[in-house]
Each structure stands twice: as C-alpha cells, then as structure tokens.
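So that the names make sense, note that chain A is the first sequence line, chain B the second, and so on, each numbered from 1. Here the structure is a predicted model, which is why all the values come from computation and not from measurement.
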Amino acid sequence: MWNKSDVISGLYLSVIDSHPVAIRQINSASFSIETDAEYFHRIPVEQFFERYFSLDIANQTLFDDEFHSRFPHLTKRLLQLEGLRVLRQDPYEALVTFMCAQGIGMAMIRRQVAMLCRCFGKELHGNLSGTDTPLFSFPDPQELADADPEMLRSCCNNNSIRANNIREASRLAAIGALDLHALSEPSVPLSEIQRELTSLRGIGYKIADCIALFGMGRFDAFPIDTHVEQFLSAWFSIGSSRSGLSQKRYLHLQREAVELLGASLAGYAGHHLFHCWRTTERNMKAF
DNA sequence: ATCCAGGGAACCC
DNA sequence: GGGTTCCATGGA
C-alpha cells in the first residue's frame, strides 16, 4: 500500500493515473490494490505489482532520440512524469469503466464506477493496513447482466442508454459470446479488437482503443479523445485545429500518431503525452 | 442560463 | 461511404 504523498514525491511512482478501478481509493490520502491482487488474479502480490503497473516497460524507451531532438521542450516536461505507469487492468473492468466515460468528466466517471462497485460488487475482507473503510470488488459480467435496471441506471449517472449498453455488453460477456480474454491474446490484431468491440452498442473507436490499451495490455493501441486530438494538433501539427472526429479522421490521425511515436508502444507514449498535456498545458490535476 | 466533460449513433447527401 | 447533427446528464 502506498499513500499519495509517497507517490507524488516520486518515492517510486511519481504519478499514477488512477483510473476509477485501477486503484481503490481508501480515503483522500491513500489507496490500495492489495486485495485486488488476491481477489481477482489469484497470483502472488509481487507478480501482480510487476504486471499491473507494467514494471516491465521502461519509460526512458518510450520516446526515441529523434523525438527528443525534434521536441526538446516536451522532453523536459516528460521527465516530470518519470513514474507514470499505464496499468494492465482487467479487460471487463476497462470495458465497463470506459463505457461510463463518454462525454462526461473524470470526477463523474469515478463516481459511477465507485457506485457500480458498491451496489453490485462483493465486499472485500482484506487486510487494509489499519483502515476500516470497506472496499468492494468490481462486479463481474453476470452481476451486471442481472442488475436491477433502475439501480444500474442510478449508477450510470442516470443515463438509461448507457446503463442498457453496459447491461447488454455484460450479458454477452457472461454467456461467452464476447470473449474478452481471447481478444486479449497478444497475437490478435488491433484492427480485430476494434472491430469486435465497436460491434457493441456504446463503444466506438476511442473506447475500444482505451479498452485495448488499459484493459488488454495493448500498449500499441492509441486512443484519441478530445485532449489527444488537441495535443496532436498543437504539438505535432497532426490534424488541423478543427474539432470533430469522424471515423475516417480518427483512423487517419491514429496512423500519423503511430508513425510519430513508433508502433510498439504508441499508446503508452501517448498516455504520457496525454498526462503532460492535461497537467502542464491545461493545468488539470493528476488525481 | 450556458457550457463543458477522456463520444457515440442516427441521419442525410 | 463520409461528414454533420443530435443525444444524454450533472456540475461549474
């Protein structure tokens, strides 16, 4: 268990992008993932850390020498994100949480996920290092597939369309028609992941790529949201300043970004740029 | 009241 | 097919 001051001070991880379910926040100052490791993954905690925090990826390798020489001002700023990790989250968790993330702010996204866990997850009984705040697991597909519609809607910011989309995706996952773990095989082409996930209602390219990047360990997947679109234009002159992402424009920008950042870790690097843009350019808080 | 927040889908030439 | 318009919701 780490507390936030350790993290921010750069003790080990200077910044963690705490996407809603990535880290269970215990209170305003501390968080834990210990119980997640044992509860969900049934593997030793050390192995879980290594894998969950993608400690096999060295941040110094995200941007090559050519990038550094072309964008020295960015290089300097990216150094401040030395500890930023992209997490290997559970694919179903990533699917649901990013389905909650359309046209809505981060605070609202987190609130939705917290409510989903509290309403439909199982209470966890781990050793929480002295705190007695209850933690809840993320619900599994069957639990959301069977969810009471009204309660599910209340967990989804009262958006019934979103709630129905999540229930249907969960139903497909529960009966095996949607096999997220098979899709997570490294040999599966990104285009197939996109095709499979976008066939679900409520999931377009952006959310599909987020699920691949954060939930399937596909660090080559490069999701483009409003912030990414902004920094692609402002920093790299990729795409014009006009907004509006048609499907074709999305794929076009994505190809150019991957060409700039390199195919293998484009999404991982992109997330560093995403964080850099939000914190240094938009003055948004990391947590 | 108005606009924004880590988009998606319906709709129209 | 490809681009524009509408959609939904709560908070600042």
Side-chain angles (χ1 to χ4, degrees), chain A residues 15-23 81 84-87 89 93-116 149-169 194-216 218-219 221-235 239-255 257 266-287:
Chain A
V15 180
I16 294 172
D17 176 37
S18 67
H19 198 269
V21 282
I23 298 160
L81 300 178
L84 175 63
R85 312 305 310 168
V86 172
L87 306 178
Q89 296 175 252
E93 281 190 35
L95 178 131
V96 174
T97 60
F98 279 101
M99 288 182 81
C100 289
Q102 99 192 66
I104 200 171
M106 285 285 288
M108 286 294 107
I109 299 169
R110 288 185 182 145
R111 196 177 76 171
Q112 291 176 78
V113 175
M115 284 184 72
L116 284 171
E150 274 303 298
M151 193 177 298
L152 185 58
R153 185 175 65 86
S154 71
C155 293
C156 296
N157 210 32
N158 288 321
N159 187 321
S160 57
I161 295 175
R162 178 174 306 159
N164 289 333
N165 289 340
I166 288 174
R167 190 186 303 103
E168 174 62 8
Q194 283 182 332
R195 188 165 46 77
E196 189 80 16
L197 292 180
T198 55
S199 71
L200 302 169
R201 294 183 77 82
I203 298 182
Y205 282 135
K206 186 269 173 181
I207 290 181
D209 287 336
C210 281
I211 297 167
L213 175 61
F214 297 103
M216 297 177 169
R218 291 302 296 261
F219 300 145
F222 188 88
I224 301 176
D225 61 25
T226 53
H227 297 107
V228 174
E229 186 187 8
Q230 288 169 35
F231 77 62
L232 285 179
S233 172
W235 286 343
S240 59
S241 56
R242 75 189 167 95
S243 59
L245 279 178
S246 66
Q247 292 194 1
K248 172 169 184 175
R249 203 166 108 80
Y250 183 98
L251 294 175
H252 175 69
L253 295 186
Q254 189 172 58
R255 275 193 299 272
Y268 210 114
H271 194 59
H272 278 239
L273 293 170
F274 168 86
H275 229 289
C276 188
W277 175 262
R278 283 171 60 101
T279 54
T280 71
E281 202 84 19
R282 301 282 312 271
N283 202 26
M284 300 172 104
K285 283 189 287 189
F287 279 89

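Gly103(A) comes within 4.0 angstrom of a base, heavy atoms only. Within 4.0 Å of Ile161(A), counting heavy atoms only, lie sugar-phosphate atoms of the nucleic acid but no base atom. Heavy atoms of Leu251(A) sit nowhere under 4.0 angstrom from any nucleic acid atom. Among the atoms of the strands shown, only primed sugar atoms or phosphate atoms (P, OP1, OP2) are found under 4.0 Å from some heavy atom of Ile203(A).
Protein atom CG of Asn159(A) is 9 Å distant from nucleotide atom P of dG10(C), rounded to whole Å. As rounded to whole Å, 5 Å separates atom C1' of dT9(C) from atom CG of Asn157(A). Between the CE atom of Met108(A) and the P atom of dA8(C) there is a distance of 19 Å, rounded to whole Å. For the pair His227(A) NE2 and dC4(B) C1', the computed distance is 10 Å after rounding to whole Å. One can place CD1 of Ile166(A) at 13 Å from C1' of dG7(B), the figure rounded to the nearest angstrom. In this structure, OH of Tyr250(A) is placed 18 Å from C1' of dG2(C), rounded to the nearest angstrom.
Candidate nucleotides dG6(B), dG10(C), dG8(B) were compared by shortest atom distance to the side chain of Gln102(A), and dG8(B) ranks first. Listed nucleotides dA8(C), dG3(C), dG6(B) differ in distance to Lys248(A); the shortest reach to its side chain belongs to dG3(C). Set against dG2(C), dT9(C), dG6(B), the side chain of Lys206(A) has dG6(B) as its closest nucleotide. Residue Ile207(A) places its side chain closer to dG7(B) than to any other of dG10(C), dG6(B), dG7(B).
Contact check, Arg201(A) against dA10(B): a side-chain N or O comes under 4.0 Å of OP1 or OP2. In terms of phosphate contacts, Arg111(A) brings a side-chain nitrogen or oxygen within less than 4.0 Å of OP1 or OP2 of dG11(C). At dG8(B), none of the side-chain N or O atoms of Asn165(A) fall inside 4.0 Å of OP1 or OP2 (strictly under the cut-off). Phosphate contact (OP1/OP2 of dC4(B), side-chain N/O of Arg282(A), threshold under 4.0 Å): absent. Side-chain N/O atoms of Ser246(A) include none lying less than 4.0 angstrom from OP1 or OP2 on dT4(C).
Residue-to-nucleotide proximity on DNA chain B shows that, of Gly105(A) and Leu200(A), the 5′-proximal contact is made by Gly105(A). In terms of position along DNA chain B, the nucleotide closest to Gln230(A) lies nearer the 5' end than the nucleotide closest to the other residue of the pair Gln230(A) and Tyr205(A).
Looking at heavy atoms from C-beta onward, Leu200(A) lies out of side-chain contact with Asn165(A) at the 4.5 angstrom threshold. By the 4.5 Å heavy-atom criterion applied to side chains, Glu281(A) and Trp235(A) are counted as neighbours. Between Lys206(A) and Val228(A) there is no side-chain heavy-atom pair separated by less than 4.5 Å. The shortest distance between side-chain heavy atoms of Ile211(A) and Arg218(A) does not fall below 4.5 Å.
Summarising the base pairing, dA12(C) is matched to dT2(B) through a Watson-Crick or G-U wobble pair whose two defining distances lie under 3.5 Å.
The main-chain N or O of Ala94(A) is found under 3.5 Å from a side-chain atom of Thr97(A) such that the two form a donor-acceptor pair.
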